[in-house]
Amino acid sequence: MFVASGRLKRGVFLLIMLFLPLSCFAMDAPDTITIDALASFYEPVQFDHELHVGIAEDCSACHHHTTGTGTNNSHCARCHSNEEEQDLVSCQDCHQADSFTAQALSAKSEKNLYHVDATGLKGAYHQNCIGCHQDMDGPSGCTDCHARTEEGDKFFYSGQFAPPAGEGSSH
Amino acid sequence: MKLLAENGIKPLDAGQRKDGKKWNLIEKLILGLTLDQYISQVIRNKFNWILAGIMAIGIPFIIYRFIFGLGSVTHSSYDYPWGLFLGFGLFCMVPLSASGFMLGTTVEIFGRHDFEPIERLALLNGLLGYLFAVVYLLVDLGQPWRLAYPMVYSFGPAAVLFLVGWHVATYLSVQVAEVSTAFFEWIGWPNAKKFIRKGTIGLTVSGIILSTLHQGALGALFVYAPGKVHPLWYSASFQWIHFFVSSIPGGLCMVIAVSTIVMKTMSWRCDDRFKDNIDDITLKLAKGASMGLITYLVIKLIAVAHDNEWVYLASGWGFWWLIEILGGVVTPLVLFAYGLHHRLVRLVRIGAFITIAGIVLNRLNTALITFNWKLYQEIPHISEIIISITIFAIYITTYRFILNRLPILYAWKAQPQEATVTETAAAREGQKTSEVPAGA
Amino acid sequence: MCKVSRRRFLAGGLAGGAAVMLAPAKKALAAGNLTGFPDGMGALVDLTRCVGCRSCEAACNREQNLPAPDQSFDDYSVFDQVKHGQKRRPSENAYTVVNRYESQSSDKPVYRKMQCNHCNEPACLTSCFVGAYTKTAEGAVTYNDKVCVGCRNCMVACPFNVPAYSYSDPINPMIKKCIFCYDSRVKHGMPPACVETCPTQALMFGKRDDLLKIARARIDREPGKYVDHIYGETEVGGTSWLYLSGVPFEDAGFDTSLQKEPIINNVKDFLGTVPMVLAIWPALFTGFHLLATKGKDHHEDSHADEEGEES
């Protein structure tokens, strides 16, 4: 159960980068990244980038082909095999925080657009993380990564807002 | 009442007294008896007590349903949106009420006046069946006060139910008009009766149209649920014909059944024309019903063949289907065939009751029992059963109330010119009934 | 952004006003076979991405102002709930539910979100005799409780068993089902609450046509991962909500026996006979009457009539 979520009236994810990543190598990359979207439901996540750099085989495990290390995915490699390091490396540079706005949707109808199925930022994070977390026994429950706020508890009818125990009346 | 008849007291059957004075409305309502006589015969009748008992229990449930909502008397099932109220009340009552248009057509269109003694009973049976189908519907609808919406306010003409709604409503009016002749005789408005009689052919033909369509439409309603109704009871192409055709023996047998009950329990109310002809008419009706049944049997089998559903016959559902067909269609057919050949009216009457049970089983199977065959079976809530029985008791009460009064089973006499004749008739009736132990 | 009732569609009229928020207003002639409004929106559910977090349920609850649930939305014991041998289904208090399924084809459990699938030719709409349902140009199937009589034919007709009914309300019971967040969101170009909240983007919002292409591309790109079928592309005439699955669809609780044609097609045979009966029967039976009574005593009818009065 790995999840972050929220009402997201504007669906905005803010990714605050403490450092601009310049290289794939740990010394150039940020040590921690604060992910504080859905701030109303979840506490900001301190993403330990350094830790993940140590675990991941190489940068492309997460950064696809943008960090100059090529890509393992044969499908992507057809176009992105020997690319140099890109200027835009952070997730949100490609994965839109709000992928369902009218603009985003109409952009998808663009005939020549190849990456029509690019996921939004939140989806990209979770889809990227969840497989490894489950395989490597990393934290995989929602609140293992995201501490919920009071507002979040309210949203989920959890914690102090949990319905009283007992037989429900629903069908 | 039989007791009174034995004593030579004859119920009111003419517009005027023997002395030429007109009966007033109250006197007509209490059958021309004295109030004491009337009340004592009501109390003497044990069946009245049974009905009263059912209503005493059931009517509070109906009131409860309207105060606390459908959820309080049903399982509130999302998977079985239609329970017993519609499954029995609507889908069973309507085919059993096809008698109105069947006999109307026979007498008025085909000119078979030999059926006339029973025509009014058939018409009344139709009217009341529909009326109470609507009563069941009113209990079942979430917002019954909006019943007229599809007629006047918001239209969904592409829906089968739209058709059902319109046709049942108009047909109900047609039946009211058809039965009203009896009422006008009774109340003493000959001009109104003449007016209605003028339109008889029109009314009857519109009755046929409306019946053909909405009897079929009730079947077509289930065509919306291809995955839910078991394939043996479902036929996209023929469902409406199945429902229409089976309503024909359903209606005819209902008339046989009601006339049988009436002869047993209310023979004091039947005149000689009715009594003398009833056996003959019963046999003729059974002939019609057998033709309906055999046609129904054939088209049921065609439907199985058409959709190639033979494989289902080997399943438990198939066994159940065979029970319905063998028990509800083939058995009465055999009884009718034998009974008609040997003129065994009693056997034919038994066949009619079995036919009715078969039709009821078919409708219940389609609407409830095999519905959601892939999911689970649901047994209706006990309150639902109680309310359904109560409404049926009210139906029987209304039926008797009208039969007791209006000239349905007897011919109305405007003047007591044959006072002597009626007296002898009364005497004869008294003799007859005295032979039967007065159980009522 | 005007609503178009299906009735006008069926009548073969203009399917006008099919303006979705992105595209300029377009008018299109309704084809014989309706495959949905041009530019109608939809949602793609990718079961391989769903992790069963139930955030969509929570979001739906808040967006639609539904009553508090019996159990927290982060209580996963609901996946074990079974009633009448069935897993949870949408109800009057929950327009969407996620269920967990075990499949032989997958070592991980499969989660499936259920809600109204917003058919192109909805059975609920075509079975409604007061026209309470509308298929909007945006693809949503909405419901007007102001005209609903409460016959519940739509619940019988729905091939997905979606509509629920607030039986417990004696005064104003109504059908309760997902309306694609039409009033509050989709009408204004925003995705429905469940889609927006989905953390893994297992739910995707977009034009149905685009979603079909995306779904097809996902299958093509990872044929081993997906079953080669988009559930909802053709089922009962196509639905606005589409599903991709990594396990056989029946393993995830889908009814795979549904017909390809819209449910209304089953009824068309019968509806077609209606005007015929209306037109033919009067002449036919009046003819019978004349044939049957000609030459016979034509007075019998009136004779019987008078008999009652004279005798």
Side-chain angles (χ1 to χ4, degrees), chain A residues 1-11 38 41 73 75 95 98-109 114 116-130 134 140-143 146 148 152-159 161-171, chain C residues 20-23 39 41 49 51-59 61-63 67-76 81 83 88-89 91-94 108 164 167-168 188-193 195-207 209-211 213-215 217-218 221-222:
Chain A
M1 267 20 89
F2 185 95
V3 153
S5 149
R7 192 172 64 138
L8 276 187
K9 190 125 197 198
R10 283 174 210 84
L38 289 177
F41 295 160
N73 187 317
H75 186 82
H95 295 281
D98 189 346
S99 57
F100 300 122
T101 59
Q103 291 77 12
L105 289 175
S106 61
K108 281 195 174 168
S109 300
Y114 179 75
V116 285
D117 198 10
T119 44
L121 185 60
K122 184 172 53 166
Y125 277 139
H126 287 107
Q127 282 178 41
N128 210 2
C129 304
I130 217 158
Q134 283 176 343
S140 61
C142 306
T143 47
H146 314 274
R148 227 169 18 219
D153 277 347
K154 211 168 166 180
F155 181 72
F156 277 91
Y157 286 93
S158 188
F161 300 100
E167 263 307 292
S169 61
S170 84
H171 305 281
Chain C
V20 184
M21 52 282 179
L22 312 169
D39 294 330
M41 306 304 287
R49 295 181 178 183
V51 292
C53 68
R54 301 185 65 209
S55 299
C56 48
E57 291 187 38
N61 178 282
R62 176 165 288 200
E63 180 72 23
D70 296 330
Q71 281 159 288
S72 304
F73 284 114
D74 57 1
D75 181 345
Y76 303 113
Q81 271 179 21
K83 197 185 175 197
R88 298 191 302 153
R89 55 155 290 162
S91 74
E92 62 190 281
N93 299 322
K108 287 184 195 169
Y167 286 100
S168 50
H188 308 296
M190 294 192 300
V195 172
E196 195 174 76
T197 204
C198 179
T200 59
Q201 214 167 328
L203 310 178
M204 208 169 178
F205 176 68
K207 287 186 196 171
D209 291 346
D210 292 341
L211 293 177
K213 282 181 206 150
I214 288 172
R218 281 189 203 170
R221 193 170 148 180
E222 294 178 273

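Throughout, a chain's letter reflects where its sequence line sits, starting with A, and its residues are numbered from 1.
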- Please list, chain by chain and in numerical order, all residues satisfying salt bridge (Lys or Arg N to Asp or Glu O under 4.0 Å) with C/Arg218, sequence neighbours excluded. A/Asp117, C/Asp46

- Query: Mind checking what makes side-chain hydrogen bond (donor to acceptor under 3.5 Å, both in side chains) contact with C/Lys108, not counting sequence neighbours?
  - Reply: A/Gln134

- Query: Between C/Asp74 and A/Ser158, what is the shortest heavy-atom contact and its length?
  - Reply: OD2-OG, 2.6 Å

- Item | Greatest number of heavy atom pairs closer than 4.5 Å to chain A - which of C/Ala202, C/Gly206, C/Ala164, C/Ala68 | C/Ala68

- Item | Options A/Ala124, A/Ala162, A/Gly123, A/Gly159, ranked by heavy-atom pairs under 4.5 Å with chain C, top entry | A/Gly123

- Selection from C/Glu222, C/Arg88, C/Gln201 maximising heavy-atom pairs under 4.5 Å formed with chain A: C/Gln201

- Item | Where A/Phe155 and C/Phe73 come nearest, the two heavy atoms and their spacing | O-CD1, 3.9 Å

- Largest heavy-atom contact set with chain A, pairs under 4.5 Å, which of C/Gln71, C/Arg221, C/Glu57: C/Arg221

- Quick one: what part of C/Ala217 sits under 4.5 Å from any heavy atom of chain A, side chain, backbone, both or neither? neither

- Can you tell which part of C/Asp75 gets under 4.5 Å to a heavy atom of chain A, answering side chain, backbone, both or neither? neither

- Note on the structure: For C/Arg49 and A/Gln127 the tightest heavy-atom approach is NH1-NE2, 3.0 Å

- Candidate list C/Pro69, C/Ser72, C/Ser55, test side-chain contact (heavy atoms from CB on, under 4.5 Å), partner A/Phe156, passing option: C/Ser55

